[in-house]
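First up is the structure itself, then whatever we jot down about it.
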2 protein chains.
Amino acid sequence: MTSPNGTTNSSGPRKARLSREVVLSAALELVDAEGLEALTMRRLGQELGRDPMSLYRYAANRAALLDGVTERVLNELAIFVDDRDWQAQLRRIGHDLRLLALRHPNVVPLLVTRPLSTPLGLRPLGTLRPLEQILALLIAAGFSPADALHVYRAYYGFLYGHILNELQEYIVDPDENEAVLRLGLHRLPAKEFPHLRALGPVLAEYDGDVELDQGLSILLSGLATQLSGPPQQPLG
Amino acid sequence: MTSPNGTTNSSGPRKARLSREVVLSAALELVDAEGLEALTMRRLGQELGRDPMSLYRYAANRAALLDGVTERVLNELAIFVDDRDWQAQLRRIGHDLRLLALRHPNVVPLLVTRPLSTPLGLRPLGTLRPLEQILALLIAAGFSPADALHVYRAYYGFLYGHILNELQEYIVDPDENEAVLRLGLHRLPAKEFPHLRALGPVLAEYDGDVELDQGLSILLSGLATQLSGPPQQPLG
DNA sequence: GACAACTTCTCTACGATGTAGACTTTAGCC
DNA sequence: GGCTAAAGTCTACATCGTAGAGAAGTTGTC
């Protein structure tokens, strides 16, 4: 019954050797399934069939664990630095990030919040990689470094803003989406919130994808014309 | 030594009657001064010279206390629904909200995060008021309700995105601003983060106000031209 | 095989947190 | 005075992160 290499035997997800990967995966799974508050050291230990304290080999503390999770999620984002059509690239990345956020909505608060309490240089490297790569992309497309930074800021700012907005309106329980929404709106005092209440139906039809795309169009073309020097289109 | 009406006697901030206002003010002060984690029931009780349990008269639980704080902060934002120049209004509100965020940086995570876990209709009313008022503003300026919602989304999304961005780069310790920034960047592996490292000086000169204003210009003019029907300018 | 050195995992324990429930104190009114 | 309701307090408990000491498991060398 000794399985010398890796594969565990019968009794469930038991004693395979832990690793940072395994721990972070389990953590992400847990967060996706039950939310951030469910991710306690004890609970995660239990999920892995280990003593909670064993986790401290793979993350210095709970905060580091959270950082690991955000890092892992951001790694799912692919950025191709060589594409010369920066607008198309930024547009695609934007949609990808949106989908990422919809796939891991419970992680979004981390994505958005943790950088606020950590100076730039001390963040997990995986977190900074998108920034670096987008800068590379823009610079390769002909922007000066300083302009690239401006574009990045406007772009990423808008992107995160959109994601927050969309997740706010997205109800977690997909069944109750419309019902809860209206029920919610129903509770608002009619005299103070006439417009909001009237928008119930429109709110229910929110299409985040096209909304994002329209916003990106405005932003990208605006950026392209505002910044004088750099290339408008990589066409002949 | 009996002071019949209100004013406490010598020994420090003692036994004045509590109220929701007083509690929330103290909570906000605490958060501003020492951050969100410092806001525990026990600590706040101590700050008010009261038993922690007394706070539950004024907020159902800790989450409700946090909601109260965000509500209180958002109340500092003034919106004038009657102004017909919607672009100017949105621009002003944007700058106001930015300043609000800089005044209460520790509250921003709440502003951004709490709506994610609460369906729209169940949020504290004070939180929804800006939304309602901006809708009113846009509709009064001639937009259809649905278009007003689109404008609102793009606008607020961009705005929150900008604020998050700016706070990320803003170092809490104003003295060490440049030093910490560079020290931080210094730690990055040179081969993986060449562009980011090179941008150190530029990062240090970040002027959030003009950055915001430029972004708003792009966005507002883009929105004005994209949406066919509504008025461009309230002139002539 | 035996031993040693090291890594990984577990046990126990401590202080801090949110908050339920029963109690005491206070304020306002007759 | 006494009565009632509100405001504030006390005690207690489950749960959290994590320090520190030790046990178990792994690996390398003979």
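Since we're looking at a predicted model, the values are computed, not measured. Below, chain A is the first sequence line, B the second, and so on; all start at residue 1.
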Could you state the [atom1]-[atom2] distance from [X] to [N], rounded to the nearest angstrom?
{"X": "B:Leu18", "N": "C:dT26", "atom1": "CG", "atom2": "P", "answer": "14 Å"}
{"X": "B:Arg50", "N": "D:dC10", "atom1": "CZ", "atom2": "P", "answer": "12 Å"}
{"X": "A:Leu44", "N": "D:dT18", "atom1": "CG", "atom2": "C1'", "answer": "15 Å"}
{"X": "A:Arg20", "N": "C:dC9", "atom1": "CZ", "atom2": "P", "answer": "15 Å"}
{"X": "B:Gln46", "N": "C:dA16", "atom1": "CD", "atom2": "P", "answer": "11 Å"}
{"X": "B:Leu39", "N": "C:dT17", "atom1": "CG", "atom2": "P", "answer": "11 Å"}
{"X": "A:Arg17", "N": "D:dA24", "atom1": "CZ", "atom2": "P", "answer": "16 Å"}
{"X": "A:Met41", "N": "C:dT10", "atom1": "CE", "atom2": "P", "answer": "14 Å"}

Between C:dA13, D:dG8, C:dC9, which nucleotide has the shortest distance from any of its atoms to the side chain of A:Arg42?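 Given the options C:dA13, D:dG8, C:dC9, the side chain of A:Arg42 is closest to C:dA13.
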
Looking at residues 52-66 of chain B, who's got a heavy atom less than 4.0 Å off DNA chain D? B:Met53, B:Ser54, B:Arg57, B:Tyr58

Is the cationic atom of A:Arg91 (NZ for Lys, CZ for Arg) positioned less than 6.0 Å from the six-membered ring centroid of A:Tyr155 and within 45 degrees of its normal?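 Judged by the rule (NZ or CZ under 6.0 Å from the ring centre, within 45° of its axis), A:Arg91 is not positioned above A:Tyr155.
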
Here's a test for you: under side-chain contact (heavy atoms from CB on, under 4.5 Å), which of A:Ile134, A:Leu159, A:Leu219 qualifies with A:Leu90? A:Ile134

With a 6.0 Å cut-off (strictly less than), is the heavy-atom count around CZ of A:Arg103, excluding the residue itself, greater than 12?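 For A:Arg103, atom CZ is crowded (more than 12 foreign heavy atoms under 6.0 Å).
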
Say you draw a straight line from CG of B:Leu131 to CZ of B:Arg123; how long is it, rounded to the nearest 0.5 Å? 8.5 Å

Using a distance-only test with no angle check, is there a side-chain donor-acceptor pair under 3.5 angstrom linking B:Ser25 and B:Arg72? yes

Answer yes or no: is there a donor N or O on one side and an acceptor on the other, between the side chain of A:Glu71 and the main chain of A:Gly126, under 3.5 Å? yes

